[in-house]
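This report concerns only the one structure given below.
One-based numbering, in listed order, for ligands and for the atoms of each. As a basis for the values below, the full set of heavy atoms in this structure was taken, side chains included, without hydrogen atoms, waters or symmetry mates.
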Amino acid sequence: MARRKKIYEGKAKIMYEGPEPGTMVQYFKDDATAFNAEKKAVIEGKGVLNNRLSEFFMTGLTQIGVPNHFIKRLNMREQLIRSVEIIPLEVIVRNFAAGSMCKRLGMSEGTPMPRPIVEFCYKDDALGDPLVSEEHIIAFGWASQQDLDDMISLALRVNDFMSGVMLAVGIKLVDFKIEIGRIWENDFHRLIVADEISPDSCRLWDIETGQKLDKDVFRRDLGNLTDAYTEVARRLGVLPTNVTHAPKPTLIN
Ligand code: TMP
(Lines give C-alpha, C1' and ligand atoms only; values in the text may rest on other atoms or scores of the structure.)
Protein backbone atom coordinates (compact mmCIF):
# COMPACT_ATOMS: atom_id res chain seq x y z
CA MET A 1 0.00 0.00 0.00
CA ALA A 2 1.37 3.43 -0.90
CA ARG A 3 2.35 5.57 2.07
CA ARG A 4 0.18 8.68 2.25
CA LYS A 5 1.64 12.12 2.52
CA LYS A 6 1.57 13.90 5.85
CA ILE A 7 0.72 17.58 5.30
CA TYR A 8 0.89 18.89 8.84
CA GLU A 9 1.13 17.60 12.40
CA GLY A 10 -0.37 19.71 15.18
CA LYS A 11 -0.69 19.15 18.90
CA ALA A 12 -3.86 17.06 18.72
CA LYS A 13 -4.26 16.12 15.06
CA ILE A 14 -2.40 15.07 11.93
CA MET A 15 -3.50 16.08 8.44
CA TYR A 16 -2.80 13.77 5.50
CA GLU A 17 -3.33 14.28 1.81
CA GLY A 18 -6.85 13.19 0.85
CA PRO A 19 -7.95 10.84 -1.95
CA GLU A 20 -9.27 13.67 -4.16
CA PRO A 21 -7.91 17.14 -4.85
CA GLY A 22 -9.32 19.61 -2.33
CA THR A 23 -9.68 16.97 0.40
CA MET A 24 -7.61 15.96 3.41
CA VAL A 25 -7.74 13.23 6.00
CA GLN A 26 -7.82 14.53 9.58
CA TYR A 27 -6.44 12.07 12.17
CA PHE A 28 -7.27 12.65 15.85
CA LYS A 29 -4.41 11.81 18.22
CA ASP A 30 -4.73 10.93 21.90
CA ASP A 31 -2.29 13.72 22.81
CA ALA A 32 -3.52 16.45 25.11
CA THR A 33 -1.66 19.70 25.66
CA ALA A 34 -2.39 22.80 27.69
CA PHE A 35 -0.77 26.15 28.39
CA ASN A 36 0.83 26.25 24.95
CA ALA A 37 2.11 22.67 25.25
CA GLU A 38 3.86 23.25 28.60
CA LYS A 39 1.65 20.48 29.98
CA LYS A 40 1.37 17.29 27.93
CA ALA A 41 -0.15 13.83 28.27
CA VAL A 42 -1.45 10.97 26.20
CA ILE A 43 -5.09 10.34 27.13
CA GLU A 44 -6.19 6.97 25.84
CA GLY A 45 -9.40 7.21 23.82
CA LYS A 46 -9.50 11.01 23.50
CA GLY A 47 -8.86 10.97 19.74
CA VAL A 48 -11.66 8.46 19.14
CA LEU A 49 -14.11 10.53 21.17
CA ASN A 50 -13.17 13.83 19.53
CA ASN A 51 -13.43 12.30 16.06
CA ARG A 52 -16.99 11.18 16.83
CA LEU A 53 -17.98 14.38 18.63
CA SER A 54 -16.61 16.67 15.93
CA GLU A 55 -18.48 14.58 13.34
CA PHE A 56 -21.67 14.95 15.39
CA PHE A 57 -21.39 18.74 15.72
CA MET A 58 -20.27 19.39 12.14
CA THR A 59 -23.04 17.17 10.73
CA GLY A 60 -25.58 19.07 12.83
CA LEU A 61 -24.20 22.36 11.53
CA THR A 62 -24.51 21.11 7.94
CA GLN A 63 -28.16 20.25 8.63
CA ILE A 64 -28.91 23.82 9.66
CA GLY A 65 -26.93 25.30 6.76
CA VAL A 66 -23.73 26.35 8.52
CA PRO A 67 -20.95 25.51 6.03
CA ASN A 68 -18.06 23.46 7.40
CA HIS A 69 -15.21 21.24 6.27
CA PHE A 70 -16.63 17.84 7.30
CA ILE A 71 -17.31 15.32 4.51
CA LYS A 72 -17.45 11.92 6.24
CA ARG A 73 -15.93 9.87 9.00
CA LEU A 74 -13.55 7.22 7.68
CA ASN A 75 -12.81 5.18 10.78
CA MET A 76 -12.37 5.45 14.56
CA ARG A 77 -9.77 8.20 14.37
CA GLU A 78 -10.03 9.72 10.91
CA GLN A 79 -12.40 11.88 8.94
CA LEU A 80 -12.39 13.16 5.38
CA ILE A 81 -12.56 16.94 5.21
CA ARG A 82 -12.36 19.69 2.63
CA SER A 83 -9.00 21.36 2.60
CA VAL A 84 -9.18 25.05 3.39
CA GLU A 85 -6.82 27.95 3.74
CA ILE A 86 -6.96 28.45 7.51
CA ILE A 87 -7.37 32.06 8.64
CA PRO A 88 -4.68 32.52 11.32
CA LEU A 89 -7.21 33.46 14.01
CA GLU A 90 -8.88 31.58 16.84
CA VAL A 91 -12.47 32.75 17.02
CA ILE A 92 -13.78 32.50 20.58
CA VAL A 93 -17.38 32.95 21.71
CA ARG A 94 -18.13 33.42 25.41
CA ASN A 95 -21.52 33.06 27.09
CA PHE A 96 -20.19 32.98 30.67
CA ALA A 97 -16.88 34.21 32.07
CA ALA A 98 -14.14 31.59 32.37
CA GLY A 99 -10.47 31.03 31.64
CA SER A 100 -8.52 33.95 30.22
CA MET A 101 -11.50 36.31 30.42
CA CYS A 102 -11.55 35.90 34.22
CA LYS A 103 -7.80 36.45 34.40
CA ARG A 104 -7.82 39.47 32.12
CA LEU A 105 -10.86 41.28 33.49
CA GLY A 106 -11.00 39.96 37.05
CA MET A 107 -14.46 38.46 36.61
CA SER A 108 -15.57 35.53 38.71
CA GLU A 109 -15.95 32.25 36.87
CA GLY A 110 -19.49 31.68 35.62
CA THR A 111 -20.58 35.32 35.40
CA PRO A 112 -23.11 35.48 32.53
CA MET A 113 -22.22 37.74 29.63
CA PRO A 114 -24.78 40.42 28.72
CA ARG A 115 -24.63 38.94 25.21
CA PRO A 116 -22.32 36.43 23.51
CA ILE A 117 -18.88 38.01 23.25
CA VAL A 118 -16.76 37.23 20.18
CA GLU A 119 -12.98 37.48 20.56
CA PHE A 120 -10.10 36.87 18.18
CA CYS A 121 -6.66 35.52 19.01
CA TYR A 122 -3.79 35.53 16.53
CA LYS A 123 -2.63 31.94 15.97
CA ASP A 124 1.05 32.01 16.84
CA ASP A 125 2.39 29.50 19.36
CA ALA A 126 5.62 31.45 19.87
CA LEU A 127 3.54 34.45 20.99
CA GLY A 128 1.04 32.34 22.98
CA ASP A 129 -1.92 33.14 20.65
CA PRO A 130 -2.43 36.76 21.78
CA LEU A 131 -5.83 38.46 21.84
CA VAL A 132 -6.13 40.88 18.91
CA SER A 133 -8.65 43.50 17.88
CA GLU A 134 -10.58 43.81 14.65
CA GLU A 135 -8.30 46.77 13.83
CA HIS A 136 -5.22 44.53 13.99
CA ILE A 137 -6.90 41.91 11.82
CA ILE A 138 -7.76 44.36 9.05
CA ALA A 139 -4.57 46.43 9.27
CA PHE A 140 -2.28 43.40 9.15
CA GLY A 141 -4.29 41.74 6.40
CA TRP A 142 -5.16 38.52 8.26
CA ALA A 143 -8.75 38.93 7.05
CA SER A 144 -10.84 41.50 5.20
CA GLN A 145 -13.76 43.44 6.68
CA GLN A 146 -16.12 41.11 4.78
CA ASP A 147 -14.31 38.05 6.19
CA LEU A 148 -14.60 39.52 9.69
CA ASP A 149 -18.34 40.06 9.33
CA ASP A 150 -18.71 36.50 7.99
CA MET A 151 -16.57 35.07 10.81
CA ILE A 152 -18.66 36.76 13.48
CA SER A 153 -21.85 35.59 11.85
CA LEU A 154 -20.57 31.98 11.57
CA ALA A 155 -19.34 32.02 15.17
CA LEU A 156 -22.70 33.24 16.49
CA ARG A 157 -24.60 30.64 14.45
CA VAL A 158 -22.32 27.92 15.83
CA ASN A 159 -22.95 29.33 19.31
CA ASP A 160 -26.74 29.19 18.89
CA PHE A 161 -26.58 25.64 17.60
CA MET A 162 -24.10 24.34 20.17
CA SER A 163 -25.83 26.07 23.09
CA GLY A 164 -29.15 24.47 22.15
CA VAL A 165 -27.73 21.00 21.59
CA MET A 166 -25.91 21.14 24.93
CA LEU A 167 -28.83 22.62 26.87
CA ALA A 168 -30.98 19.70 25.68
CA VAL A 169 -28.64 17.28 27.47
CA GLY A 170 -28.20 19.33 30.63
CA ILE A 171 -24.91 20.98 29.71
CA LYS A 172 -24.09 24.68 29.71
CA LEU A 173 -21.93 25.91 26.81
CA VAL A 174 -19.69 28.36 28.65
CA ASP A 175 -17.39 29.24 25.74
CA PHE A 176 -15.72 27.68 22.72
CA LYS A 177 -13.12 28.27 20.05
CA ILE A 178 -13.46 27.61 16.33
CA GLU A 179 -11.18 28.02 13.38
CA ILE A 180 -12.40 29.19 10.03
CA GLY A 181 -10.97 28.59 6.57
CA ARG A 182 -11.33 29.93 3.06
CA ILE A 183 -12.32 27.79 0.13
CA TRP A 184 -11.63 29.21 -3.28
CA GLU A 185 -13.93 29.03 -6.27
CA ASN A 186 -12.03 30.68 -9.12
CA ASP A 187 -11.24 34.22 -7.92
CA PHE A 188 -13.79 34.17 -5.12
CA HIS A 189 -13.64 32.65 -1.69
CA ARG A 190 -16.14 31.83 1.00
CA LEU A 191 -15.61 30.98 4.63
CA ILE A 192 -16.41 27.67 6.28
CA VAL A 193 -15.96 26.28 9.78
CA ALA A 194 -12.86 24.06 9.92
CA ASP A 195 -10.53 22.29 12.40
CA GLU A 196 -12.67 20.54 15.05
CA ILE A 197 -15.48 21.15 17.51
CA SER A 198 -14.97 18.96 20.57
CA PRO A 199 -14.61 19.20 24.36
CA ASP A 200 -10.94 20.09 23.68
CA SER A 201 -12.08 23.44 22.33
CA CYS A 202 -15.22 24.16 24.40
CA ARG A 203 -16.02 24.71 28.05
CA LEU A 204 -18.93 22.50 29.06
CA TRP A 205 -20.44 22.49 32.55
CA ASP A 206 -23.14 20.18 33.88
CA ILE A 207 -26.13 22.45 34.54
CA GLU A 208 -27.14 20.69 37.78
CA THR A 209 -23.78 20.16 39.45
CA GLY A 210 -21.44 22.58 37.65
CA GLN A 211 -19.12 19.63 36.96
CA LYS A 212 -16.62 20.39 34.19
CA LEU A 213 -16.88 18.07 31.18
CA ASP A 214 -14.15 19.57 28.98
CA LYS A 215 -10.37 20.02 28.68
CA ASP A 216 -10.26 22.06 31.91
CA VAL A 217 -10.41 18.63 33.61
CA PHE A 218 -6.91 18.06 32.19
CA ARG A 219 -5.69 21.68 32.45
CA ARG A 220 -6.61 21.83 36.14
CA ASP A 221 -6.17 18.17 37.16
CA LEU A 222 -9.84 17.73 38.04
CA GLY A 223 -10.15 14.02 37.24
CA ASN A 224 -10.27 11.65 34.29
CA LEU A 225 -10.57 13.42 30.94
CA THR A 226 -11.77 10.38 29.00
CA ASP A 227 -14.59 9.86 31.50
CA ALA A 228 -15.67 13.51 31.08
CA TYR A 229 -15.67 13.31 27.25
CA THR A 230 -17.41 9.92 27.34
CA GLU A 231 -20.16 11.47 29.47
CA VAL A 232 -20.67 14.23 26.87
CA ALA A 233 -20.76 11.64 24.08
CA ARG A 234 -23.15 9.41 26.02
CA ARG A 235 -25.60 12.23 26.69
CA LEU A 236 -25.57 13.25 23.04
CA GLY A 237 -26.25 9.67 21.94
CA VAL A 238 -22.87 9.43 20.23
CA LEU A 239 -21.01 6.22 21.17
CA PRO A 240 -23.92 4.16 22.53
CA THR A 241 -21.45 1.43 23.40
CA ASN A 242 -18.29 2.27 25.25
CA VAL A 243 -15.87 1.57 22.42
CA THR A 244 -13.01 3.58 23.89
CA HIS A 245 -12.73 1.30 26.88
CA ALA A 246 -12.84 -1.94 24.91
CA PRO A 247 -10.40 -4.47 26.32
CA LYS A 248 -7.09 -4.88 24.51
CA PRO A 249 -6.93 -7.97 22.28
CA THR A 250 -5.35 -11.01 23.91
CA LEU A 251 -3.05 -13.39 22.11
CA ILE A 252 -4.58 -16.81 21.55
CA ASN A 253 -2.01 -19.60 21.54
P1 TMP B 1 -9.49 30.86 27.16
O2 TMP B 1 -10.46 31.24 28.23
O3 TMP B 1 -8.30 30.10 27.67
O4 TMP B 1 -9.09 32.05 26.32
O5 TMP B 1 -10.24 29.84 26.20
C6 TMP B 1 -11.43 30.17 25.54
C7 TMP B 1 -11.99 28.96 24.82
O8 TMP B 1 -11.10 28.55 23.78
C9 TMP B 1 -12.16 27.72 25.70
O10 TMP B 1 -13.36 27.09 25.33
C11 TMP B 1 -10.99 26.85 25.38
C12 TMP B 1 -10.67 27.20 23.97
N13 TMP B 1 -9.24 27.16 23.67
C14 TMP B 1 -8.79 26.36 22.64
O15 TMP B 1 -9.56 25.67 21.99
N16 TMP B 1 -7.46 26.38 22.36
C17 TMP B 1 -6.58 27.13 23.04
O18 TMP B 1 -5.38 27.09 22.73
C19 TMP B 1 -7.06 27.94 24.12
C20 TMP B 1 -6.11 28.80 24.91
C21 TMP B 1 -8.39 27.94 24.38
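Between Trp142 and Tyr122, the two ring planes are parallel [angle under 30°; tilted spans 30° to 60°].
Here is the list of ligand 1 atoms found below 4.0 Å of a heavy atom in Ala98: 2 (O). For ligand 1 and Phe176, the ligand atoms under 4.0 Å from any heavy atom of the residue are 10 (O). Of all atoms in ligand 1, listed by their number and element, those nearer than 4.0 Å to a heavy atom of Arg219 are 11 (C). Applying the 4.0 Å criterion to heavy atoms of Gly99 picks out, from ligand 1, the atoms 2 (O).
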Report task. Give the intermediate values and the outcome of side chain to side chain donor-acceptor pair (under 3.5 Å) for residues Glu55 and Asn51. Result -> CA-CA 6 Å; Glu55 171 191 17; Asn51 185 28; over 6 Å; no
Report task. Step by step, work out the salt bridge (charged side-chain N to carboxylate O under 4.0 Å, His left out) result for Lys215 and Glu196. Result -> CA-CA 14 Å; Lys215 204 165 100 178; Glu196 71 178 279; over 6 Å; no
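For atom 20 (C) of ligand 1, the nearest protein heavy atom is 4.0 Å or more away.
At a heavy-atom cutoff of 4.0 Å, ligand 1 is contacted by no atom of Lys123, backbone or side chain. The backbone of Cys202, and not its side chain, has at least one atom closer than 4.0 Å to an atom of ligand 1 (non-hydrogen atoms only; backbone = N, CA, C, O). Heavy atoms of Lys215 found under 4.0 angstrom from ligand 1: none, in either backbone or side chain.
Look at Arg94 and you'll find a heavy atom under 4.0 Å from some atom of ligand 1.
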